[in-house]
A.B. asks: 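Provided herewith is a single structure, encoded as structure tokens, for subsequent inquiry.
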Amino acid sequence: MALMTLADAVATFVRDGQTIAMEGFTHLIPFAAAHEIIRQGRTDLHLVRMTPDLIYDQMIGAGCARALTFSWGGNPGVGSLHRLRDAVERGWPRPLEIVEHSHAGMAAAYVAGASGLPFGLLRGYIDTDLGRVNPQVKAVTCPYTGESLATVPALRPDVTIIHAQQADGAGNVLLRGIAGVQKEAAMAARALIVTVEEVVGRLDAPLNAVVLPGWLISAIACVPGGAYPSYAQGYYARDNAFYLVWDDVSREREPFGRWMKAHVLGTPDHAAFLRSVGVISTRDASGVSA
Amino acid sequence: MALMTLADAVATFVRDGQTIAMEGFTHLIPFAAAHEIIRQGRTDLHLVRMTPDLIYDQMIGAGCARALTFSWGGNPGVGSLHRLRDAVERGWPRPLEIVEHSHAGMAAAYVAGASGLPFGLLRGYIDTDLGRVNPQVKAVTCPYTGESLATVPALRPDVTIIHAQQADGAGNVLLRGIAGVQKEAAMAARALIVTVEEVVGRLDAPLNAVVLPGWLISAIACVPGGAYPSYAQGYYARDNAFYLVWDDVSREREPFGRWMKAHVLGTPDHAAFLRSVGVISTRDASGVSA
Amino acid sequence: MNTPWTPDEMMTVAAARLLWDRCVCFVGIGLPSAAANLARLLHAPRIVLIYESGTVGTRPEVLPLSIGDGELADTATAVVSIPEVFAYWLQGGRIDVGFLGAAQIDRFGNLNSTVIGDYARPRTRLPGSGGAPEIAAHARQTFIVMKQTPRAFVPQLDFCTSAGFLAGGGLRARSSAKGEGPQVVVTDLGLLRPNPATEELEVVALYQGVSADEAVRATGWPLRVAATVDAIPPPSDQELHTLRDLHARTAAAHGRPVHVPY
Amino acid sequence: MNTPWTPDEMMTVAAARLLWDRCVCFVGIGLPSAAANLARLLHAPRIVLIYESGTVGTRPEVLPLSIGDGELADTATAVVSIPEVFAYWLQGGRIDVGFLGAAQIDRFGNLNSTVIGDYARPRTRLPGSGGAPEIAAHARQTFIVMKQTPRAFVPQLDFCTSAGFLAGGGLRARSSAKGEGPQVVVTDLGLLRPNPATEELEVVALYQGVSADEAVRATGWPLRVAATVDAIPPPSDQELHTLRDLHARTAAAHGRPVHVPY
């Protein structure tokens, strides 16, 4: 692995047209990396993520995406993702091809990717229209019972990007708390970028902790607050107010455009973004509970 | 879950003729439970375990087993399991039907059992005779690539027995260190017995620790030293000398029989067993590092 | 004499009453989460709450606003991965009750949370399935929570996101779904349950002051009314105070400004 | 001037020399484990050792006697489950070098660790495959370590536990195995490698004082000798001292009596 700036990591590994997975199940969502991709004007991306959340609403609205593979596309606890809806319902800023799964199906597809298998197997999509509208969902017959089971093709992103709490000098990464599907997305990818809250001498990792060895990782960037407005267990809490405000910011195209210009395109990096949206900074991480 | 004596747990849940999985990959091997099953004279069991190790060598030699599903049957770092060999090569004390897998195949079979799937999928048994001699190994064709992949039928033990470090008052169980395939074996089973080193008020469990909730567990028995001569991380080390001595004890039928009578059949419980084989006791666990 | 209560409070209390102690419950965000935690604080102290974020046996002090709030991890018995929670816990058959909601429901409890209009040219694109199709298939029972309106309770779904009783008459039992399907629909008017023979939903209980006729008018198909319709007792003072305390704690906790170490 | 060394020491040193820094190595117990750790202590400080017990990136102070010693967990970067180590790490294609041993090997590097005689009526029942079939299939390269005798190096295996080059001539490349197969066999006489064209093993290097003729006589098939046969330098003082220190530390650690809190 190489320790570099987030700008360099994105410039080095993220290319127009690639399939990019940015995971984090409400926890440790890599917002800083998404903003940097938007700043660098990447486009034609096939975005993959179980829950697009605000992170992909912003990227879709900014015109980065040609396609989206997902399983639940709402603003958690709030309602719609307006930019996602605008793209799907009205093709703005460009038409968006969607590949839609259930959570269980998408999890199985990541597991297959991480496992070097061509497909994942599940009792899923039973008697639903999802299997009908997603031609990727097929079936195999059990060689023992004769029953039919659903299959999903393995997910193998060109690049997976995740956020975690700590990296050590060797680039080993510790992820604490809700781990979602990050290990699978990380191990299924051809390249892996990890942003972390801090680089430490020794990971605060008990036996059986979720640790990704440095040799799996293409690039590590230290980006404090890199998951904001989602959260990083032990570092800061989720900014639920931001998720509520986003409902207004993103509802119409022009206010969304102004907001992106002011806070993402108009800022050089994540620290500047955090300042521009008025996030309270504290240098005393220990005083903060997430 | 119910906290009970190991004798009651075995008497309540283990029946002649059942399929029993006792897992623990060189670590946390549930020897105490195996000895209790031998004491209670259970027979016609189908024993399932990736590495039969001394625990099944003893049960097979004692005549508990009619069948064995396994993937590596040696004395780790020493050589042969003489009782297993005697049963397979000469049918003593009774013929033993064997169902033989690779480690990867057996792991996939447990995962399928835990996942409510009828079979597990792997790139396995490629161009080997194992697939030929084990009729359970079959194949499916990938609906996307057309390639053929190996399948193994799900393992669903009637009873799984594992050993762990701690249980709390609610019967939640903490397993620290090498976790092997225990979670999968536990969740694949119809009944689950767990022996633990100690019952504590509150588990010493950080976020992301391996914890099995009490409501999954049929019975918990507190059996200090229950994994001896294997080890329990943080409690005691593996007794490598015992594994070496076993090579002599188990080589011939009569010395084996005398040893079992003296130390297993002739002792009322695990504490008595440990005393009878001269294990040094210390009441100061904190002073011991495994 | 009770203080007045909102329809949401009545629905939450009615849903909470359906849960029992030691019940293993797969919970979503919003009203089901409030109901499950209310049950835990009242009559079901050992209820097991599993959120799809992989938090197993969680006992949050305050309600989560997202399915993966840190509070859920901090207070969980175990935190497992997303692949594990869907494979070992849901598909593995460990769930007694799964809660579901939707934009549309039909008379057989089939649900649409994907799209209004045509899938390829949607009038309204909804968030989509999330865990619903497999919760509907694998949970021993599913409980559905929805406000009752003719636009939501429709004769024909625009899209079937998760299967209930299909076309009824035992079709589901002959399908590959292992769970028994929707056993109750909790609405803002009362409770619907599937008719044992036809599996068509019918009114079996109503809140105080609600008539069967209101329920029928609020439904887009000719809603059947069971032979006997129970009257659902209003929220008790204890239910209402416990629920309001929970919501007050939640508002206070989530109102705090976020500090980020950057 | 070197002190004398044992055949095992020469084999261990020869195997260690084949490993490079940052190489990701799937290690078994015994000589391969000693060789991989010797390499780590000498020329490959950042070698990644993965044991099938799920210990990833482990750096043991003393050699494990079992594949799952506590020392391996205590010094690992990560401890993962058995299903994960075989699915995500081995089958997922993360392994550069997998070590294998066996009771029988044929001229194409196919291995038998299952049975001598007939499978149904075995003359000698061996421990069996363990992880070998999938290590042989998925590791980018496999290194085989075996003492060279006519009983072990046989014209025809009694049982094929893990596949090498099958019948040679590019058959393996056309199989579904992703790894490139056995690239070297380390014996107590020297090194064998597959002929690039035929894929049949041939002598390519010999230890000091060993003749090609000895190697041929120690082999159960007409062993081919490469056009040029390298002379393998004896263990250096540093190699020998480091290895003997490692074994001494190991003996001391494993000699301690076990105390059990019962």
Side-chain angles (χ1 to χ4, degrees), chain A residues 25-27 50 70-74 76-77 80-81 84-85 88-89 100 102-104 107-108 110-111 122-130 133 147-148 177-181 183-184 197 224-225 228 231 233 235-240 243 270-271 274 279-285 287-288 290, chain C residues 29-30 52-55 64-70 72-74 79-83 85-87 90-91 110 112 114 119-134 136-138 157 159-163 166 171-172 175-178 254-262:
Chain A
F25 200 82
T26 76
H27 178 215
M50 291 179 70
F70 76 110
S71 45
W72 189 81
S80 287
L81 293 175
L84 169 57
R85 282 188 57 183
V88 172
E89 296 171 5
E100 189 164 4
S102 68
H103 278 350
Y110 272 125
V111 168
L122 68 155
R123 298 188 186 272
Y125 305 96
I126 298 169
D127 296 316
T128 72
D129 287 336
L130 255 185
V133 298
E147 65 197 305
S148 176
I178 290 171
V181 76
K183 181 184 271 189
E184 289 71 24
E197 287 298 322
Y228 177 90
Y231 74 103
Q233 188 103 28
Y235 287 78
Y236 47 92
R238 186 172 189 262
D239 190 349
N240 295 301
Y243 278 79
H270 195 62
L274 293 174
V279 173
I280 304 164
S281 168
T282 165
R283 299 308 311 141
D284 172 22
V288 179
Chain C
I29 282 306
E52 67 188 7
S53 53
T55 47
L65 291 200
S66 87
I67 194 81
D69 278 13
L72 296 175
D74 285 328
V79 178
V80 304
S81 74
I82 293 279
V85 80
F86 282 102
L90 179 59
Q91 185 175 266
N110 304 298
N112 172 19
T114 301
Y119 184 80
R121 267 163 242 66
R123 186 150 10 98
T124 303
R125 173 66 223 197
L126 306 166
S129 67
E134 286 73 34
H138 302 307
L157 300 180
F159 187 95
C160 179
T161 308
S162 41
L166 307 173
L171 262 184
R172 179 190 174 96
S175 81
S176 59
K178 306 234 176 219
H254 292 147
R256 294 195 207 101
V258 174
H259 295 63
V260 177
Y262 74 95

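Worth knowing before you read on, the calculation uses all heavy atoms, side chains too, and leaves out hydrogens, waters and symmetry mates. Naming: A, B, ... by sequence-line order, numbering from 1 per chain.
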A.B. asks: Taking all non-hydrogen atoms of both residues into account, name the closest pair between C:A73 and A:Q233 and its distance.
C.D. replies: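 In this case the closest contact between C:A73 and A:Q233 is CB-OE1, 3.7 Å.
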A.B. asks: Mind checking what makes side chain to side chain donor-acceptor pair (under 3.5 Å) contact with C:S81, not counting sequence neighbours?
C.D. replies: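 Not a single residue meets the side chain to side chain donor-acceptor pair (under 3.5 Å) criterion with C:S81.
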A.B. asks: At what distance, to the nearest 0.5 angstrom, does CG of A:D239 lie from CG of C:L65?
C.D. replies: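 Separation between the atoms: 11.0 Å.
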A.B. asks: Could you tell me which non-hydrogen atom of C:P257 sits nearest to which non-hydrogen atom of A:I280, and how far apart they are?
C.D. replies: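 For C:P257 versus A:I280, the nearest heavy atoms are CB-CD1, 3.8 Å.
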A.B. asks: For chain C, which of A:G225, A:S102, A:G124 has the most heavy-atom pairs under 4.5 Å?
C.D. replies: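 Greatest number of close heavy-atom pairs with chain C: A:S102.
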A.B. asks: Measure the CD-CZ distance between A:E89 and C:R123 for me, rounded to the nearest 0.5 Å.
C.D. replies: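 If we round to the nearest 0.5 Å, A:E89:CD and C:R123:CZ are 10.5 Å apart.
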A.B. asks: At a 4.5 Å cut-off on heavy atoms, which part of C:L166 comes close to chain A: side chain, backbone, both, or neither?
C.D. replies: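 Only the side chain of C:L166 comes within 4.5 Å of chain A.
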A.B. asks: Taking side chain as everything from C-beta outward and backbone as N, CA, C, O, which of these in A:Y110 sits under 4.5 Å from a heavy atom of chain C? Side chain, backbone, both or neither.
C.D. replies: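 For A:Y110, neither part sits under 4.5 Å from chain C.
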A.B. asks: So A:R238 and C:D69, side chain to side chain contact (heavy atoms under 4.5 Å, CB included) or not? Walk me through it.
C.D. replies: CA-CA 7 Å; A:R238 186 172 189 262; C:D69 278 13; 3.9 Å; yes
A.B. asks: Would you mind reporting whether A:V181 and C:P83 have side-chain heavy atoms less than 4.5 Å apart?
C.D. replies: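 The answer is yes, as the side chains (C-beta and beyond) meet within the 4.5 Å cut-off.
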A.B. asks: Flag the one option from A:A271, A:G74, A:G180 with the top tally of heavy-atom pairs under 4.5 Å to chain C.
C.D. replies: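 Of A:A271, A:G74, A:G180, A:G180 has the most heavy-atom pairs under 4.5 Å with chain C.
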A.B. asks: C:I29 and A:G77: which non-hydrogen atoms are nearest, and at how many Å?
C.D. replies: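 Smallest interatomic distance, heavy atoms only, reads CG2-CA, 4.4 Å.
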A.B. asks: Restricting to non-hydrogen atoms, name the atom on A:D127 and the atom on C:S175 that form the minimum distance, rounded to 0.1 Å.
C.D. replies: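 Heavy atoms of A:D127 and C:S175 come nearest at OD2-CB, 3.3 Å.
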A.B. asks: Could you please spell out the steps behind the side chain to side chain contact (heavy atoms under 4.5 Å, CB included) verdict for A:V279 and C:Y262?
C.D. replies: CA-CA 9 Å; A:V279 173; C:Y262 74 95; 3.9 Å; yes
A.B. asks: Indicate the atoms forming the closest heavy-atom contact of A:R123 with C:H138, along with that distance.
C.D. replies: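 Heavy atoms only, the tightest pair is O-NE2, 2.8 Å.
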A.B. asks: Report which part of A:L122 has an atom under 4.5 Å of a heavy atom belonging to chain C: side chain, backbone, both, or neither.
C.D. replies: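 A:L122 touches chain C through backbone and side-chain heavy atoms alike.
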A.B. asks: Side chain, backbone, both or neither: which part of A:A108 has a heavy atom under 4.5 Å from chain C?
C.D. replies: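 Neither part.
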A.B. asks: Rounded to the nearest 0.5 Å, what's the gap from CG on C:L126 to CZ on A:R85? Could you check?
C.D. replies: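 Output value for this atom pair is 7.5 Å.
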A.B. asks: Quick one: closest heavy-atom pair of C:G128 and A:W72, and the distance?
C.D. replies: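 Of all heavy-atom pairs spanning C:G128 and A:W72, the closest is O-CD1, 3.5 Å.
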A.B. asks: Quick check: do A:V88 and C:P122 have side-chain heavy atoms less than 4.5 Å from each other?
C.D. replies: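 Yes, close enough: below the 4.5 Å cut-off.
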A.B. asks: Out of C:G130, C:S129, C:S162, return the one with the most heavy atom pairs under 4.5 angstrom to chain A.
C.D. replies: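 So the answer, after comparing C:G130, C:S129, C:S162, is C:G130.
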A.B. asks: Output, in order, the C-alpha distance, side-chain angles, deciding distance and verdict of side chain to side chain contact (heavy atoms under 4.5 Å, CB included) for C:F159 and A:V133.
C.D. replies: CA-CA 10 Å; C:F159 187 95; A:V133 298; 3.7 Å; yes
A.B. asks: So which of A:P76, A:A107, A:G73 has the biggest tally of heavy-atom pairs under 4.5 Å with chain C?
C.D. replies: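 Top count of heavy-atom pairs under 4.5 Å with chain C: A:G73.
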A.B. asks: Say you draw a straight line from CD1 of A:I178 to CD of C:E52; how long is it, rounded to the nearest 0.5 Å?
C.D. replies: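 It is 10.5 Å, given to the nearest 0.5 Å.
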A.B. asks: Take C:V258 and A:Y231, measure what side chain to side chain contact (heavy atoms under 4.5 Å, CB included) needs, and give me the verdict at the end.
C.D. replies: CA-CA 10 Å; C:V258 174; A:Y231 74 103; over 6 Å; no
A.B. asks: Mind checking the NE2-OG1 spacing from A:H27 to C:T55? Nearest 0.5 Å is all I need.
C.D. replies: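 One finds 12.0 Å between NE2 of A:H27 and OG1 of C:T55.
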A.B. asks: How long is the span from the OG1 atom in C:T161 to the CD atom in A:E100, to the nearest 0.5 Å?
C.D. replies: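 Rounded to the nearest 0.5 Å, the OG1-CD separation comes out at 8.0 Å.
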